[in-house]
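All remarks here apply to the structure that follows.
FYI, side chains are in, hydrogens and waters are out, and symmetry mates aren't considered; it's all heavy atoms of this structure. Per chain, numbering begins at 1; letters A, B, ... match sequence-line order.
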Amino acid sequence: MATRQRRVELRYDPEAIDRKWQQRWADDGLHRVEDDDPRPKWYEMTMYPYPSGDLHIGHWYALALSDCHARFRRMQGYNVLHPIGFDAFGLPAENAAISRGIHPYTWTMDNVETMRGQLRSIGAIYDWDREIVCCLPEYYRWNQWFFLKFLEHGLAYRAKAPVVWCPSCQTVLANEQVVAGNCERCNTLITRRDLEQWFFRITDYADRLLDFSGLVDWPEKILTMQNNWIGRSEGVEISFDISEYGLEERVISTFTTRIDTIFGVTFLVLAPEHPLVDRLTTEEQRPQVDEYIAQARRTSEIDRLSTETEKTGVFTGAYAVNRLNGERVPIFIGDYVLMTYGTGAVMGVPAHDTRDFVFARKYRLPIRIVIAPITWDGSDLTEAYVDEGFMTNSGPYDGFTNEEGKVAIANDIEKRNWGRRAVSYRIRDWLISRQRYWGTPIPVVYCDQCGIVPIPEEDLPVLLPTDAEYIPTGGGSPLAANPEFLNTTCYRCNGPARRETDTMDTFFDSSWYMLRYISPNSVDAPFEPAAGKHWLPVDQYTGGAEHAVMHLLYSRFFIKGLYDMGIVDFEEPFLRLFNQGVILGEDHEKMSKSRGNVVNPDEVVTDLGADAVRCFLMFIGPWDQGGPWSEVGINGVARWLNRVWEILGRDPSDLDGPGTGAPSANGAGNKDSRETLRLLHQTIRKCYNDLDRFKFNTAIASLMELSNHLNKVWSDGSVDSDVWRECVEKFLLVLAPIAPHLSEEMWERTGRPYSIHQQSFPSWDDDLAAEDTVTLVVQVNGKVRDRLEVPADIEEQAAQELALASPRIRSYTEGKAVSKAIYVPGRLVNLVVR
RNA sequence: GCCGAAGUGGCGGAAUGGUAGACGCGCCGGUCUCAAAAACCGGUGGGGGUAACCCCGUGUCAGUUCGACUCUGACCUUCGGCACCA
C-alpha cells in the first residue's frame, strides 16, 4: 500500500453523492437523446477508447473534459448527442490471447464490461442505448457492406505490397513488434515479403483532401500536417531510353520537380524494389545488387529516408540514355529511392540536389552545373546549389532562367512524347488488408472460374469464426488455417471457391463510426437516413493529436467516398476538431507499467470523488497541452470543492442578522455588494468564453477567485443577502458542467428544483460586469514607472496630463523632452523621452 | 532524419504586442491543539537597500517595435506522428 498522500478532510461523502446522482440520472433517463427533440442539435463526439481492460487516467482526461464541453453546450440550449463506444478490434487482443490463452473475443468483451462500469464513474452524459462495440457482427457487417460499396465504385483494388516478416515465427509482424530490426518475440532479424493485398484509392482523393475550403474549423497545425502528409508536388515524368537491352520496357520513367536540371543528369537511381532491376543487372554486378536488395528489405523506411544516414547504392552495370542530350548515364539502385513515391526511379542531378550531391561524391560520379549560381566563378561546388539561376550547359536552353526553362523543357518533352507534366503525392493508397485473426473478414471469395467475387449484400455478415486458430502461424492469415471458413462455394458459379482470409485494418472501423451512433440498432442500413440528416455531420470532435494524420485522413476520405456514392450528403465528417494533450506521470514521464508511474483513477475517485478528478484534470493546464499528474496537486482542487461546499452552503439569512450583512435600503447598493455582483458577472462571462473554447483551467481559476471573494465578503459581513443568493445560484450553474455531482447535490440542498442539469447556463450583464476604475500603467521609454487609479472611460488627453503630473514620472522626465506619447485606452501611457 | 508542437518562480501554469508570474501546489509564519494532522488567516521570482525604491528576470543568440513571454531568423532541449499500436 502506497503512502496515502491525499489528506483532505471532506465535509461531504463524495462516494455517496456520486452513487446517488449517477443512479438517479440513469433511472430518470436524464441523458437519453431523442432524434425529434425541438432544440437545435449538437453532435459532440470523442474518439472512442480501445478496450484495454482498464480505464486509466488518460481516458479520464479525454472523456471527462469532452463531457464538460458537451454539458456546457447542453446548458446553452442544444440537444446534445455525446456518445461512447469501443474500438474493439486490434492487435492487443491477439497479444493477450497469445500470452494468456484467452480468446480475443472473451478478452475484449470482458474488458468492455469492466470499462463500462469504470466509464459510468466519470458521470458523463452518455446515452448508453447508443453504445457501439465494433467487434460485434452488428457493427462489422457494415464494414463489409461499405467495403463492397467501395469495391463496386472502383475505389478498392488488389496489389502486391510488402509486409514485415519474421522468418523464424513465420508470421507477419506489426511495426510495433519490431525492436531494433528484430522480432520482439524471438529476436530474429526481420525481413520484408510481398503479399497480394487490398488497397483503397485514397490518392484519387488527394486534391479534395487538400481542400478544406472553409468547410471545417480545425487547428492550423493539423491542417498543415495533413497537407504535408499528402505532399502534393508538381513536376514532370521524364523517360530515359533503355532500348539497347531489347527488353519489353524500352524506357525508365522518372519523376522530377526540377526538369530544368535535366542536362545535369549524370546517373539514375532505382528503388531496390523496382521491377526493372532484376532484368537490367549485369551478371558481373548481380552479387552486389542482390546483397544490397536483401539489406534494403531489412531497413525501415525511416532509416532509408533519413538525411543523416549515408546515402548508399550499387551500380547495376546498365546504362540509360538521356534523350535531351543523348548522354548515356549509369543506372544505380539506392535505398533512399522508394518504390512507393513517384515512379520508383529518380534522375540524379548532383549539382542541384543535396542527396544526389552526396551520392555522386561517394561514387565519384560527375557533377555538372546547369543552373549557374548568381555569384558563380566557374569553380566546383562544395555543396548542391538548389536555388534559382540562369541555365547553362543546357543546349538550346542556355541563358533561360530556370523557371522559364521548366516551362520550355516540359513543353518540348510533351511534344516529343518523352514524358509529360505530372503531379506526385507523398500519400499512398490505403492498405486495408491485415494478416490477422481479430478483425473484420474481407467479404470476397476467390473462384478459379470467376476470379474475385464479392459476397452479395444479403449474405452479410461474413462471420468471424469463433473456433478458429487465432494465433498467427505458418504463413498467411490465421483464418487460412481454418478449412471450414476458407473453403466455400462461389457466389456466382457455385463452384468451389476460397474465402479471402485477410481481415480489415482497424482504421476501417473508426472511419465511419460517427454514422453508427446515429442509429446503432439499425438492421437495414448502417444508419437511418432521416436520423442522419438530423444529426450529421459531427459538430465537434475531440481526441488525441496522435490521430492528426492517419485516422482523420482515412475518415475524411471514407466520407468523401460515401458522398460520391450518394450515401451521405456532406463531405467532411468533423466540422470542428480539438486535440487534447497527454497526461504524464508524477515524474513528468509518459505513463507506463515498466516505469511504475501509472495512476489508477478508481482509487482517487473513491477517496475524493469524480468531480475532484474532473476538476484537477481541467485545472492542470490547457487541455491541448496535457501535463503531469500530481497526487498532492489534486488536494488543492479537492480543498477548493470542499470550501465551495461550505461557503455556498451557508444560510444567507445570517447576512440579515444584527451586526452582519448590513443590507442597504436599495438591495445591492453597498460597495461590497456592488463589487461582488461585478465579480459574479465577470466570472460568468469568463467561464462562458473559456468553456466554449476548452479553456477549462482558467475557467476554474476564475471560479476560485469568486469563491475566495465570497468567503471574504461573508466574513466581513459586508454583502447583501439577495446578492449572496444570486451568487450561490449562478455559481452552482456555472459549476454544473465542471462538477456535475457536487453541483447537483448542492442545488438540491439549497432548495432548488431537480435537476440542475436541465437548467440554462446563466447569462451575464456587461454593464454590471464593467469596472468603474482601471489601473493606468505609465511607462517611460517602455519601462513601468507608475500606476494610477483612473476612471475607466478616461480620455487620452486627461490620461496624458495625469501621467505627466505624477511625481514619480516627473523624476524621469525632468529636463528632458517628451518626443512621443503612446496611449492605449484604459490601459497605458508610454512616454518616449530623450 | 522528415513533418508538427512546446520551453515562464522550487512545481503545474496565467498573461498572445501594453502591469510578467492570475489561480493552485509546495514552502515559511501565525490561529486552534498537551502535541500533531486537518481546518482557517497571512507571506512567498532572484539580487540590492533601514526604507522610499532600484536592478535583473519568460530555453540560447540575434532582429523588428515607443514597448516583446507574445512577432521574425538561427540554434538547443523535450514531446507527438512517420503508413501493421490505437
Going 5' to 3' through nucleotides 30-35 of chain B and flagging B where a protein heavy-atom sits under 4.0 Å of the base, S where only the sugar-phosphate is that close, and - otherwise, we get ------

With B for base contact, S for sugar-phosphate-only contact and - for none (protein heavy atoms under 4.0 Å), nucleotides 37-52 of chain B reads -SSSS-----------

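Within 4.0 Å of Thr506(A), counting heavy atoms only, lie sugar-phosphate atoms of the nucleic acid but no base atom. Counting non-hydrogen atoms under 4.0 angstrom, Trp430(A) reaches nothing in the nucleic acid. Using a 4.0 Å heavy-atom cutoff across all strands shown, Arg785(A) reaches sugar-phosphate atoms only and no base atom. Here Pro622(A) lies in heavy-atom contact (under 4.0 Å) with sugar-phosphate atoms only. Within 4.0 Å (heavy atoms only), Tyr812(A) reaches sugar-phosphate atoms of the nucleic acid but no base atom. Among the heavy atoms of the strands lying under 4.0 Å from Val163(A) is at least one base atom, whether or not backbone atoms are also near. The residue Leu584(A) sits apart from the nucleic acid: no heavy atom pair falls under 4.0 Å. Using a 4.0 Å heavy-atom distance criterion, Gln197(A) is classed as a base contact. Looking at heavy-atom distances under 4.0 Å, Ile620(A) makes contact with sugar-phosphate atoms alone, never a base.
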Each base of RNA chain B marked ( ) or [ ] if paired in-strand (Watson-Crick or G-U under 3.5 Å), | if paired to another strand and . if unpaired gives (((((((..(((.....[....)))((((((.......))))))((((....))))..(((((..]....))))))))))))....

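Between G80(B) and Lys590(A), a contact under 4.0 Å exists linking OP1 or OP2 to a side-chain N or O. Contact annotation: Asn228(A) side-chain N/O to G4(B) OP1/OP2 distance is under 4.0 Å. The phosphate of G24(B) has OP1 or OP2 within less than 4.0 Å of a side-chain N or O from Asn708(A). Distances shown here put a side-chain N or O of Lys820(A) below 4.0 Å from the OP1 or OP2 atom of C66(B).
Between atom CD1 of residue Ile700(A) and atom SG of residue Cys687(A) there is a gap of 8.5 Å, rounded to the nearest 0.5 Å. Note that CG of Asn642(A) and CD of Glu9(A) are 9.0 Å apart. Values are rounded to the nearest 0.5 Å.
You'll find that the side chain of Pro628(A) is closest to G12(B), out of G12(B), C84(B), G4(B).
With sequence neighbours left out, Glu273(A) forms a side chain to side chain contact (heavy atoms under 4.5 Å, CB included) with Ala271(A), Arg304(A), Met339(A).
One can place CZ of Arg355(A) at 16 Å from P of G1(B), the figure rounded to the nearest angstrom. Rounded to whole Å, the distance from CD on Glu631(A) to C1' on G26(B) is 15 Å. Note: OH (Tyr61(A)) to P (G80(B)) measures 15 Å, nearest angstrom. Lys221(A) has its NZ atom 10 Å from the C1' atom of C79(B), to the nearest Å. Ile700(A) has its CD1 atom 14 Å from the C1' atom of A14(B), to the nearest Å. Atom P of nucleotide U77(B) and atom CD of Glu589(A) are separated by 17 Å, given to the nearest angstrom. Atom NE2 of His588(A) and atom P of C25(B) are 16 Å apart (whole Å). At whole-Å resolution of the value, NZ in Lys783(A) and C1' in A68(B) are 14 Å apart.
One C1' atom belongs to G63(B), the other to A14(B), and the distance between them is 27 Å to the nearest Å. Distance noted for atom C1' between U70(B) and A6(B): 14 Å (whole Å). A gap of 28 Å separates the C1' atoms of G9(B) and A74(B), to the nearest Å. Nucleotides A36(B) and A20(B), compared at atom C1', are 39 Å apart to the nearest Å. Between U72(B) and G21(B), the distance separating the two C1' atoms is 26 Å to the nearest Å. Spacing of C1' atoms, A37(B) relative to A22(B), comes out at 30 Å, to the nearest Å.
Taking the six-membered ring where the residue is Trp, Tyr157(A) and Phe199(A) present parallel rings, their angle staying beneath 30° rather than reaching 60°. The aromatic rings of Tyr554(A) and Trp430(A) lie parallel to each other, their planes meeting at an angle below 30°, with 60° marking the opposite boundary. Between His56(A) and His59(A), the ring planes are tilted. Angles from 30° to 60° get that label.
In this structure, a donor-acceptor pair under 3.5 Å is absent between the side chains of Arg297(A) and Thr191(A). Side-chain polar atoms of Gln226(A) and Arg556(A) form a donor-acceptor pair below 3.5 angstrom.
Taking 3.5 Å as the limit, the base of C84(B) and the side chain of Gln435(A) contain a donor-acceptor pair of atoms between them.
Take the nearest nucleotide of RNA chain B for Pro162(A) and for Met704(A): the residue whose nucleotide is more 5' is Met704(A).
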* To do: Applying ring-ring contact (aromatic ring centres under 6.0 Å, His included), run through Phe508(A) and Phe89(A) and close with a yes or a no.
  => CA-CA 10 Å; Phe508(A) 204 103; Phe89(A) 272 138; over 10 Å; no

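Non-hydrogen atoms lying under 4.0 Å from RNA chain B are contributed by Leu173(A), Ala174(A), Asn175(A), Glu176(A), all within residues 173-183 of chain A.
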Is there any protein nitrogen or oxygen under 3.5 Å from a nitrogen or oxygen in nucleotides 15-22 of chain B, and what are the pairs?
residue: G18(B); atom: N2; partner: Gln779(A); partner atom: OE1; Å: 3.3
residue: G18(B); atom: N2; partner: Asn830(A); partner atom: ND2; Å: 3.2
residue: U19(B); atom: O2; partner: Arg787(A); partner atom: NE; Å: 2.6
residue: A22(B); atom: O2'; partner: Glu705(A); partner atom: OE2; Å: 3.4

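Phe578(A) has its ring centre no less than 6.0 Å from the ring centre of Trp218(A). Here Tyr513(A) and Tyr48(A) bring their ring centres to under 6.0 angstrom of each other.
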